[in-house]
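To start, the structure itself, in structure tokens.
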Amino acid sequence: MTNPVSVTVEDGIALVTIDNPPVNALSLAVRQGIMDAVTRIEGDASVGAAVLACAGRTFVAGADIREFGKPPVEPHLPDVLAAIEASRVPWVAAVHGTALGGGLELALACHARIADPAAKLGLPEVTLGLVPGAGGTVRLPRLVALDDAIDMVTSGKPVGAKKANGIGLVERIADGDLLADARTYAAELNQSGKPEAVSARPPREVPGDDFWAEKEKAIAARARGQASPVEALHALRDGVTLPVPDAFAAERARFLRLRDSEQAAALRYMFFAERNTGRPADIEGVDPLPLDSTGVVGGGTMGAGIAAAMLLAGMTVALAERDADAAGKAQERVAGILDGSRKRGLLSDAAHDDALSRFSAHDNYGALADCDLVIEAVFEEMGVKNAVFAELDRVCRPDAVLASNTSYLDVNAIAEATKDPSRVVGLHFFSPAHIMKLLEIVRTDAAAPTTLATAFALAKKLKKIPVLAGVCDGFIGNRIMSAYRRECDFILEEGALPQDVDAAMRGYGFAMGIYAVQDMAGLDIAWAMRKRRAETRPSDERYSKIADRICELGRFGRKTGAGWFAYPSDGAKAGQPDPAIEAIILEESARLGYERKTFTADEIMQRILSSMQAEARAVLDEGIALKPSDIDVTMVHGYGFPRHKGGPMFAAGIRD
Ligand code: 3HC
Ligand code: NAI
């Protein structure tokens, strides 16, 4: 095996380069290579300073996650970093791309840091169920204010180079050539003297117990049962309160304990599952359409969100609505989303204006004629969708891909409305479409490889996670969701109330319960789906009428001011339990002859998980999903299943 770490010496400055594609992860060979580089530099009197840099697209992106399931092998990362810190010469880390986890810890062990202006630096270990394991929680609070350290370590979110410079994490920002500037910096330090090792400096702040207790409360509330954020806070507390050698040892012990935990295994599994969602074999090597110019039909909640997502990804979007009034409203919706992104600081003024300039809303389909891809997001009714696709077939370029964002409808039947069904595909976005990462790509029977390749290319451009699904009522996600929602309604009939079910789901780690989610999304689309299925539903199949009775009252959720919960107009955001709903539920229990019983949160969750897993198995058996991990990715990214539990298939022990 070639050594992934090389050392060259020029004018008394050693350049240590790590070259371990794709992301320079700290595999055993890299750790050993750095250790050898330290030894070499210590023994070469001609070297007065060292620059540590990386080849390829990024600085070190962390420990090698693939080694986590195995016993640690020497040299351990903390020992490598201690050797750098103890070096007789100053080391300057030259950071480009992303310095993450062990990568940032490596930079912290150097005596100074310089970053490319586009670099990002972070400690994302919490997102893998861990805490930093190589001194991050000891060194970071000696460079930056404690609040900044807590934010970085407990959220796992990286900071940009400019902010990193502002808070004291990197001393310099490169002005042009990173390596040249890093050499200059190293030469200066060779002259002026080696800066004190970061771990030898005092912590910036050492607050008392009350401070830590308050932070812990807030962090635990946000973590929804995930252990690592609070563990990370505890590691930081040790980092600033214990003697440094003890703090290093305590951090390492915590890291190793968490590494073997079920949550870390689940999060590691998710990390790879998200990157390995299945692609159909027949699209390998097939060129997608260029996607320079795209179209959307329908500018309601989803159409506007999809248009915004494509604009934010640099595409040009023409949107067609029913009439001028609706086109005007669509224009306002899209402008509102882009403005929201600007206000949240996600978009500069110039980028906002540029995105908006690439958008146009129309009251006819003429502007869609030259698009590579058109996505339909009109009302969820087969008649309306068929009429739209027949019109798109007439207006659009013959090779354009035509996609439907339908939630449940048969995309094969929609494709039949066109002369060339091979160019039709389902693209099921999740609301809000410019934020949610998941994109279900629904493969129709006739879909051509180019059509699918274009759908996958779109997901990539939008930085979304594509999951391939087959045609059925609700595809992967909505089909499984319908199954557990049905089970939840049965639980209501047998004794629980909506607030009990929602509390059990939140307790398990869901961001929201199923009833609050329905109120947010609207109850009408699922009602229409149930009415459609009524004709073919076996008469002996168990069916709860509670949801239908609520819809019959015109209670479609938040948008109508009431649904499963009441939404009083006093500004309270969360829904309130409503006696009118309880009355309906009690009536249904009585009508069906159920003696209402009390459910524990565990019993509720067991029923929900079992129904989810049973439907997921059917989805797999029928070939609707390619593999179990695709189902887990769908449920985590589309339906709020807690990521640290790995998804329903992982929880059931079912692997790819
Ligand atoms: N270990 C092993 N493989 C890794 C890896 C890592 N730390 N990070 C990324 N990879 C792999 C990916 O699996 C992928 O492999 P593939 O091509 O075979 O599918 C490849 O590198 C490229 O990754 P992405 O597709 O994610 O590329 P992007 O350019 O979109 O993103 C990234 C790059 C921002 C670096 C992203 O990969 C990432 O966030 N990686 C994880 C970083 C992380 O969590 N580091 C902390 C690790 S824990 C740690 O360091 C413990 C320490 O404290 C002791
Ligand atoms: P919506 O009611 O907010 O918007 C539909 C829009 O389509 C309206 O603006 C309407 O004027 C327009 N429209 C209707 N007929 C048209 C036609 N012939 N030509 C042009 N425009 C037309 O509905 P929403 O929520 O945006 O849903 C749209 C589609 O997306 C549905 O198929 C729905 O099932 C699906 N979907 C909805 C999700 C949600 O959370 N709301 C999530 C994922 C998919």
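Both backbone and side-chain heavy atoms feed into the values below; hydrogens, waters and symmetry mates do not. These numbers come from a predicted model, not from an experiment.
For the pair Lys627 and Leu620, the tightest heavy-atom approach, listed with the atom from each and the gap, is C-CD2, 3.7 Å. Between Asp632 and Pro648, the shortest heavy-atom contact is OD1-N, 3.0 Å. Between Ala247 and Val138, the closest heavy-atom pair is CB-CG2, 3.8 Å. Residues Phe59 and Ala93 share a closest heavy-atom pair of CZ-CB, 4.4 Å. Pairing each heavy atom of Ala250 with each of Leu242, the nearest pair is CB-CD1, 4.1 Å. What you find for Met152 and Ile167 is that their closest heavy atoms are SD-CD1, 4.3 Å.
The main-chain N or O of Trp91 is never found under 3.5 Å from a side-chain atom of Lys194 such that the two would form a donor-acceptor pair. A donor-acceptor pair under 3.5 Å is absent between the side-chain atoms of Arg201 and the main chain of Arg142, judged by distance alone. Listed for the Gln263 side chain is a donor-acceptor partner under 3.5 Å among the backbone atoms of Gly225. Although no hydrogens or angles enter the test, the distance criterion places a donor-acceptor pair under 3.5 Å between the side chain of Arg88 and the main chain of Glu42. For Glu251 (side chain) and Ala235 (main-chain N/O), no donor-acceptor pair under 3.5 Å exists by modelled atom type. With hydrogens and angles ignored, the 3.5 Å screen pairs a side-chain donor or acceptor of Asp502 with a backbone N or O of Ile514. A donor-acceptor contact shorter than 3.5 Å links the side chain of Asp656 to the backbone of Ser629. A donor-acceptor contact shorter than 3.5 Å is absent between the side chain of Glu216 and the backbone of Val230. The backbone N or O of Phe272 lies less than 3.5 Å from a partner atom in the side chain of Asn276, making a donor-acceptor pair. In this structure a side-chain-to-backbone donor-acceptor pair under 3.5 Å is missing from Arg268 to Arg66.
Annotation: cation-pi pair Arg275/Phe271 present, NZ/CZ under 6.0 Å from the ring centroid and within 45° of its normal. Stacking of Lys645 on the aromatic ring of Tyr508 is recorded, both the 6.0 Å distance cut-off and the 45° axial limit being met.
Remark: Ser6 pairs with Thr17 by the side chain to side chain contact (heavy atoms under 4.5 Å, CB included) rule, at least two apart or across chains. By the side chain to side chain donor-acceptor pair (under 3.5 Å) test, Thr58 is found to be paired with Thr98, residues two or more places apart in sequence or in another chain being considered. Residues meeting the side chain to side chain contact (heavy atoms under 4.5 Å, CB included) test with Ala49, sequence neighbours left out: Ile13, Pro90, Ala186, Asn190.
Salt bridge Asp147/Lys215: present, at least one basic N to carboxylate O contact under 4.0 Å. Here Arg40 does not pair with Asp36 in a salt bridge; the nearest charged N to carboxylate O distance is not below 4.0 Å.
Atom-to-atom distance recorded for Leu77:CG and Glu105:CD is 6.5 Å, nearest 0.5 angstrom. Between the CG atom in Leu347 and the CD1 atom in Ile337 there is a gap of 12.0 Å [rounded to 0.5 Å]. A distance of 6.0 Å separates CG of Leu28 from CD of Glu67, quoted to the nearest 0.5 Å. Taken to the nearest 0.5 Å, the NZ atom of Lys162 stands 9.5 Å off from the CD1 atom of Ile173. Interatomic distance, Leu233 CG to Ile219 CD1, rounded to the nearest 0.5 Å: 4.5 Å. In this structure, OG on Ser341 lies 8.5 Å from NE2 on His352, to the nearest 0.5 angstrom.
Separation of the Tyr639 and Phe510 ring centroids does not fall under the 6.0 Å cut-off.
Pairs engaging residues 224-242 under the salt bridge (charged side-chain N to carboxylate O under 4.0 Å, His left out) rule: Glu231-Arg254, Glu231-Arg257, Asp238-Arg254 [sequence neighbours left out]. Counting only residues at least two apart or on different chains, the salt bridge (charged side-chain N to carboxylate O under 4.0 Å, His left out) pairs with a member in residues 180-189 are Glu10-Arg183, Arg172-Glu188. Judged as a salt bridge (charged side-chain N to carboxylate O under 4.0 Å, His left out), the pairs with a partner in residues 119-139 (not counting sequence neighbours) are, in order, Glu85-Arg139.
Between Leu178 and Ile114 there is a side-chain heavy-atom pair separated by less than 4.5 Å. Proximity of Asn20 to Ser27: side-chain heavy atoms (C-beta onward) are separated by under 4.5 Å at one or more points. Annotation: side chain of Tyr484 is not in contact with side chain of Ser610 (no heavy-atom distance under 4.5 Å). For the pair Trp212/Ile150, a side-chain contact is recorded, criterion being any heavy-atom separation below 4.5 Å from C-beta on. Between Met520 and Met512 the shortest side-chain heavy-atom distance falls below 4.5 Å. In this structure, the side chains of Asp19 and Thr2 stay at 4.5 Å or more apart for every pair of heavy atoms. Side-chain contact between Arg252 and His76 is present, with at least one heavy-atom pair separated by less than 4.5 Å. You'll find the side chain of Val240 stays beyond 4.5 Å of the side chain of Thr137, heavy atoms only.
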- Message: Determine whether Thr634 and Glu440 satisfy the following criterion, side chain to side chain donor-acceptor pair (under 3.5 Å), listing intermediate values before the conclusion.
- Response: CA-CA 8 Å; Thr634 304; Glu440 269 183 295; 5.2 Å; no
- Task: Start with the C-alpha distance between His644 and Glu262, add both sets of side-chain angles, then the distance that settles side chain to side chain donor-acceptor pair (under 3.5 Å), and finish with yes or no.
- Result: CA-CA 9 Å; His644 62 271; Glu262 179 70 7; over 6 Å; no
- Go through Val9 and Asp44 one step at a time and tell me if the side chain to side chain contact (heavy atoms under 4.5 Å, CB included) criterion holds. CA-CA 10 Å; Val9 181; Asp44 184 344; 4.2 Å; yes
- Message: salt bridge (charged side-chain N to carboxylate O under 4.0 Å, His left out) for Glu274 and Arg643? Distances and angles first, verdict last.
- Response: CA-CA 11 Å; Glu274 286 155 357; Arg643 199 165 175 272; 2.8 Å; yes
- Given side chain to side chain contact (heavy atoms under 4.5 Å, CB included), test Ile34 with Leu106 step by step and report yes or no. CA-CA 10 Å; Ile34 302 173; Leu106 178 62; 4.2 Å; yes
- side chain to side chain contact (heavy atoms under 4.5 Å, CB included) assessment of Val636 paired with Met270: CA-CA 9 Å; Val636 166; Met270 256 298 130; 3.8 Å; yes
- Task: Begin from the C-alpha positions of Thr277 and Phe456 and carry the test side chain to side chain contact (heavy atoms under 4.5 Å, CB included) through to its verdict.
- Result: CA-CA 11 Å; Thr277 53; Phe456 276 90; 5.6 Å; no
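Test Ile608, Asp602, Thr600 against Ile604 for side chain to side chain contact (heavy atoms under 4.5 Å, CB included) and you get one pass: Ile608.
By the neighbour-count criterion of 12 heavy atoms within 6.0 Å, atom CG of Asp209 is sparsely surrounded, having that number or fewer from other residues, nucleotides or ligands.
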